[in-house]
Colleague: 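Quick one: the structure is below, and I'll ask about it shortly.
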Amino acid sequence: MINTNKESVADDNQNEGMMEMEEMKDVMEYQPLTDEAVEDLKAENKAEQTEQATQAAAVRQSKTLKTIVEGYDPSRIVEEDDRVDGTWTEIYRAYQNSMIMQARLIGVEQKLGKPCAVVGLNHVRGYIPMELTGFTNVAQLNNFIGEVIAFKVLNYDRDGDVFTASRLAAIEHMAGLTWKRISEGQVAPAVIRKVEKKSLKVEIGGIVVNIPVTEVDHGWHDDLRDTHQIGDQIKVLIRKVDRENKKVEVSMKALKPDPWPDCTRRYREHADYVGTISGIEEYGIFVRFEKGVDSLCRHPRLKLKLRKGDEVMVRVSAIDLKNKRFSGKILRGL
């Protein structure tokens with residue numbers, strides 16, 4: 001219903017005007033906070049945050065179930081926030097100081113149509129483009145999945161929890177340091193990078209060295225792939241260093257006990273002994289008497305069905321102490 005009372009309408013208009021004046025008065029009388037007031041607000045906010053953190057900690061503690069769990073190690077538990085901050089602190093430190101990092105190779109992904117190695121640092125992922133991995137093909141890269149590799153951080157995306165890196169840069173860095181320090185007669189740690197039937201490729205601080213089967217161990221070795229794997233950690237003796245041609249010769253065998261000549265006290269010429277076939281070649285059969293002691297036997301006159309690992313009876317025909325060799329013939333299988 002429309003109000004037609006003129007006095008009532010006037011009173012309403014007057015009341016609205018007074019309200020507007022009061023609101024304007026509030027705006028006109030506003031003054032900015034003083035420095036002291038700002039500090040007081042900051043202190044209040046800080047106290048409130050501290051109280052909230054204390055309450056959160058109390059909640060976590062009050063909700064912790066105390067029990068025994070098989071395989072549980074409390075020392076390995078890290079708070080999520082601490083772990084995140086610590087991970088990125090290490091990444092920043094490595095990036096800013098051009099330092100080498102190491103992490104496990106956990107997979108291979110396609111990025112921009114090209115394969116990339118993926119390394120994991122807690123929840124952070126690192127991507128190494130194929131051309132910066134140091135591998136010639138994806139098959140080699142796949143063989144390294146699960147192994148720890150070295151790299152240098154090239155750039156990063158903190159918000160995305162990712163970074164890009166180069167394994168080649170890390171290898172060059174390590175190799176430079178190794179060439180300055182390496183010398184003949186040293187014992188060096190190494191990691192096997194490739195296993196072939198008659199040789200190993202190992203890495204010593206960024207330097208790749210080939211070890212022939214004759215320098216791997218004493219005795220006969222039919223196939224090194226049966227006894228060694230990529231990623232195996234070993235020690236080698238530095239035999240020769242050629243800095244000019246960037247070549248190094250090493251030996252694993254030199255660091256292992258030599259059964260010769262002591263083994264000659266346990267075996268006699270023209271005597272018969274039990275042995276295990278350690279290898280079969282076109283020119284003869286190798287039979288192992290003990291670790292590092294093998295006899296090369298001619299093929300039996302009778303066509304015996306012999307296989308690697310079979311036990312046989314061998315008659316020793318000759319012992320060559322100078323060349324550390326046994327010769328013999330297989331009498332029969334066991």
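Numbering starts at 1 and runs along the sequence shown.
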Colleague: State which residues pass side chain to side chain donor-acceptor pair (under 3.5 Å) with Gln102; sequence neighbours excluded, sorted by chain then number.
Modeller: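 Side chain to side chain donor-acceptor pair (under 3.5 Å) check on Gln102 returns nothing, list empty.
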Colleague: Distance-only check: which donor-acceptor pairs under 3.5 Å involve side-chain atoms of residues 251-258, not counting sequence neighbours?
Modeller:
{"residue": "Ser251", "atom": "OG", "partner": "Glu215", "partner atom": "OE1", "Å": "2.6"}
{"residue": "Ser251", "atom": "OG", "partner": "Lys253", "partner atom": "N", "Å": "3.3"}
{"residue": "Ser251", "atom": "OG", "partner": "Ala254", "partner atom": "N", "Å": "3.0"}
{"residue": "Lys253", "atom": "NZ", "partner": "Thr214", "partner atom": "O", "Å": "2.9"}
{"residue": "Lys256", "atom": "NZ", "partner": "Val216", "partner atom": "O", "Å": "3.3"}
{"residue": "Asp258", "atom": "OD1", "partner": "Trp260", "partner atom": "N", "Å": "3.0"}
{"residue": "Asp258", "atom": "OD2", "partner": "Lys324", "partner atom": "NZ", "Å": "2.5"}

Colleague: Working note: Ile149 + Ile128, criterion side-chain contact (heavy atoms from CB on, under 4.5 Å); need CA distance, chi angles, decisive distance, verdict.
Modeller: CA-CA 11 Å; Ile149 64 173; Ile128 306 176; 3.9 Å; yes
Colleague: Test: ring pair (Phe, Tyr, Trp, His ring centres under 6.0 Å). Region: residues 215-258. Which pairs qualify, not counting sequence neighbours?
Modeller: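 Passing the test, one end in residues 215-258: Trp220-Phe286.
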Colleague: List for me each residue that meets ring pair (Phe, Tyr, Trp, His ring centres under 6.0 Å) alongside Tyr127, sequence neighbours excluded, and say none if there are none.
Modeller: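 Checked Tyr127 against ring pair (Phe, Tyr, Trp, His ring centres under 6.0 Å); zero matches.
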Colleague: Could I get the full list of ring pair (Phe, Tyr, Trp, His ring centres under 6.0 Å) partners for Tyr267, not counting sequence neighbours?
Modeller: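 Here the qualifying residues are Tyr273, Phe289, Phe326.
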Colleague: Tabulate below the donor-acceptor pairs under 3.5 Å that side-chain atoms of residues 169-179 make, not counting sequence neighbours, or state none.
Modeller:
{"residue": "His173", "atom": "ND1", "partner": "Lys152", "partner atom": "NZ", "Å": "3.2"}
{"residue": "Thr178", "atom": "OG1", "partner": "Met174", "partner atom": "O", "Å": "2.9"}
{"residue": "Thr178", "atom": "OG1", "partner": "Gly205", "partner atom": "O", "Å": "2.7"}

Colleague: Return each pair, listed once, that meets salt bridge (Lys or Arg N to Asp or Glu O under 4.0 Å) where at least one residue sits in residues 289-298; pairs must be two or more places apart or across chains.
Modeller: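 Matches after skipping sequence neighbours: Asp217-Lys291, Arg266-Glu290, Arg288-Asp294.
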Colleague: The criterion is ring pair (Phe, Tyr, Trp, His ring centres under 6.0 Å); which residues satisfy it with Phe163, sequence neighbours excluded?
Modeller: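 By the ring pair (Phe, Tyr, Trp, His ring centres under 6.0 Å) rule, Phe163 matches Phe151.
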Colleague: Just distance, no hydrogens or angles: give the donor-acceptor pairs under 3.5 Å from side chains in residues 307-314, sequence neighbours left out.
Modeller:
{"residue": "Lys308", "atom": "NZ", "partner": "Asp222", "partner atom": "OD2", "Å": "3.3"}
{"residue": "Lys308", "atom": "NZ", "partner": "Asp226", "partner atom": "OD2", "Å": "2.8"}
{"residue": "Asp310", "atom": "OD2", "partner": "Arg307", "partner atom": "N", "Å": "2.8"}

Colleague: Under the side chain to side chain donor-acceptor pair (under 3.5 Å) rule, what pairs show up with a residue in residues 140-150, not counting sequence neighbours?
Modeller: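 Listed by first then second residue: Thr136-Gln140.
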Colleague: Is it true that Glu196 and Lys194 make a salt bridge, defined as a side-chain N closer than 4.0 Å to a carboxylate O?
Modeller: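 Answer for the salt bridge query: yes.
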Colleague: Only counting residues at least two apart or in another chain, list the ones meeting side chain to side chain donor-acceptor pair (under 3.5 Å) with Asp242.
Modeller: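 For Asp242 the side chain to side chain donor-acceptor pair (under 3.5 Å) partners, ignoring immediate neighbours, are Asn245.
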Colleague: Got a sec, which residues hit ring pair (Phe, Tyr, Trp, His ring centres under 6.0 Å) with Tyr156, two or more places apart in sequence or on another chain?
Modeller: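 Tyr156 satisfies ring pair (Phe, Tyr, Trp, His ring centres under 6.0 Å) with Tyr92, Tyr95 only.
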